[in-house]
Amino acid sequence: MDASSDTAIAAMLLDWYDAHARTLPWRAAPGTPAPDPYRVWLSEVMLQQTTVAAVKDYFAAFTTRWPTVKALAAAADEEVMAAWAGLGYYARARNLLACAREVARLGRFPDTEEGLRALPGLGAYTAAAVAAIAFGRRAVVVDANVERVVSRLFAIEEPLPGSRPAIRAKADTITPQRRAGDFAQAMMDLGATVCTSRSPRCLLCPISGPCEARRMGDPARLPVKAAKKAKAVRQGRAFWIERDEAEVWLVRRPGSGMLGGMRALPDDGWAARIDGSGEGPLTGPWESAGKVGHVFTHFALELNLAVYLGDGFEGLEDGEWWPLDRLNEAGLPTLFAKAARLALAEKEDA
DNA sequence: AACTCGTGGGC
DNA sequence: TGCCCAAGAGT
């Protein structure tokens, strides 16, 4: 495909975007001034591997509580981690704070792709997206939507992830000099609403004309993906230790690794071993309260919940008593929120 | 380069 | 129901 038709593809997409852009809280309407870089950056980080629907409430909560990057930079770590609880990929929250503090130190966000790429939590995608959307730079923005659209548009048969260099090269050829931010968002909207993974709506697609996969007759076949390996099932235990029917013992997880930096129930170390050791933070007696299942990216966990029935608390250290009536403010990641629900439900029955 | 790292929704 | 998938980054 020659350069003039590449330009035509961008023009078709931008026309479509002008008419059909989704209205999103972090987005400016097509043709209007770019939104605050802080909001663009925050939304892009939240949207990493995360659906728009899941992000909306968190974005509203964060921007209400911390309206500027400077305000976020001044926040306490545990406040931000608790506010992120439930959104997943908690390294994002740790990097978010590190990035906010770096930007506060700099005085503003870098306005180039290269400068943005040097910030914590901004990889190739996010740096390009913020450069294009917030600063009007021409940047080649490649996310999973763009990978899918480009794979189909050019009928790239090589499986992901090996095809990424070819996809990037093709994306580069169709990225316009002007309105690169709108173009990137147009590609993402197209991927989210028209060129979807399972059943692409080619009749609604503004670039079905030049689309090679469409011409070949089975666009949903692309992109080809490498087979993924089976998910292991891991066993673990978590411990519910209650005092005076009013407080529960919570710990803070280490700053890296699974659920790193998050408040949690004490557990037996299932995250670090094939199976947990089974030992709790104090000597029993324990009573089983059942188990909860949870699926992570690369393994599934069956978490057995043990409730402490004794009345002494010797041996507890590096944790805090947390009031049961404020448990929803503790910022427990979903696994432990499930376990807490189970513990409280068991009490209800008893 | 291959692995780690969450979660909820859609089909 | 189980599996796939989502605006990826860090190591």
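Sequence lines set the chain letters: A, B, ... in the order given, protein chains first and strands last, and positions in each chain run from 1.
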Can you list everything that forms a side-chain hydrogen bond (donor to acceptor under 3.5 Å, both in side chains) with A:Gln48? Sequence neighbours excluded, please. A:Thr126
In plain terms, say whether A:Arg263 and A:Glu320 are close enough for a salt bridge, that is, a side-chain N and a carboxylate O under 4.0 Å apart. yes
Interface with DNA chain B, restricted to residues 109-131 of chain A and to heavy atoms under 4.0 Å: none
DNA chain B nearest-nucleotide lookup for A:Ala53 and A:Phe296: closer to the 5′ end is A:Phe296
At under 4.0 Å between heavy atoms, what does A:Ile133 touch on the DNA or RNA strands: base, sugar-phosphate, or nothing? nothing
Sorted by number, the residues of residues 136-150 of chain A with heavy-atom contact under 4.0 Å to DNA chain C: A:Asp143, A:Ala144, A:Asn145, A:Arg148
Quick one: label A:Lys225 by what it contacts on the DNA or RNA (base, sugar-phosphate, nothing), any heavy atom closer than 4.0 Å. sugar-phosphate
Interface residues of residues 35-50 of chain A with DNA chain C (non-hydrogen, below 4.0 angstrom): A:Glu44, A:Leu47, A:Gln48, A:Gln49
B:dG6 to C:dC5 separation - C1' atoms, rounded to the nearest Å: 13 Å
Does a side-chain N or O from A:His294 land closer than 4.0 Å to OP1 or OP2 of B:dG6, or not? no
Under the side-chain contact (heavy atoms from CB on, under 4.5 Å) test, which residues partner A:Glu102, sequence neighbours left out? A:Arg105, A:Leu106, A:Leu119
Atom P, compared across C:dA7 and B:dG10: separation rounded to whole Å: 14 Å
Checking all strands, does A:Arg164 fall into the base, sugar-phosphate, or nothing category for heavy-atom contacts under 4.0 angstrom? nothing
Side chains of A:Tyr308 and A:Glu287: is there a donor and an acceptor less than 3.5 Å apart? no
Strictly under 6.0 Å, is that where the ring centroids of A:Phe62 and A:Trp84 end up? yes
Test side-chain contact (heavy atoms from CB on, under 4.5 Å) applied to A:Lys338 - qualifying residues, sequence neighbours left out: A:Val292, A:His294, A:Thr334, A:Arg341
List in chain and number order the residues that pass side-chain contact (heavy atoms from CB on, under 4.5 Å) with A:Tyr58, two or more places apart in sequence or in another chain; answer none if no residue qualifies. A:Met46, A:Leu87
At less than 4.0 Å, is any side-chain N or O atom of A:Thr51 found next to OP1 or OP2 of B:dG9? Yes or no. no
C:dG2 phosphate, OP1 or OP2, under 4.0 Å from A:Lys231 side-chain N/O: no
DNA chain C-proximal residues of residues 180-203 of chain A, any heavy atom under 4.0 Å: A:Met188, A:Ser197, A:Arg198
Please answer whether the main-chain N or O of A:Ala246 pairs with a side-chain N or O of A:Asp244 as donor and acceptor at a distance below 3.5 Å. no
Do A:Val248 and A:Trp240 have side chains that approach each other closer than 4.5 Å (heavy atoms only, starting at C-beta)? yes
A side-chain contact here means heavy atoms from C-beta on lying under 4.5 Å apart; do A:Val140 and A:Phe183 qualify? no
Could you tabulate the donor-acceptor pairs under 3.5 Å formed by side-chain atoms of residues 200-209 of chain A, not counting sequence neighbours?
unit_1: A:Arg201; atom_1: NH1; unit_2: A:Thr193; atom_2: O; d: 3.2
unit_1: A:Ser208; atom_1: OG; unit_2: A:Cys205; atom_2: O; d: 3.3

Aromatic centroids of A:Phe296 and A:Trp270 separated by under 6.0 Å: yes
Partners of A:Arg215 by side-chain hydrogen bond (donor to acceptor under 3.5 Å, both in side chains), sequence neighbours excluded? A:Glu212
Pick the nucleotide of DNA chain C nearest each of A:Arg22 and A:Asn95; which residue has the one closer to the 5' end? A:Arg22
Please list, pair by pair, any protein nitrogen or oxygen found under 3.5 Å from a nitrogen or oxygen in nucleotides 2-5 of chain B.
unit_1: B:dC5; atom_1: OP2; unit_2: A:His298; atom_2: NE2; d: 3.1

Looking at residues at least two apart in the chain, or sitting in another chain, which of them share a side-chain hydrogen bond (donor to acceptor under 3.5 Å, both in side chains) with A:Glu247? A:Arg243
Distance alone, cut at 3.5 Å: any donor-acceptor contact between the side chains of A:Asn95 and A:Arg92? no
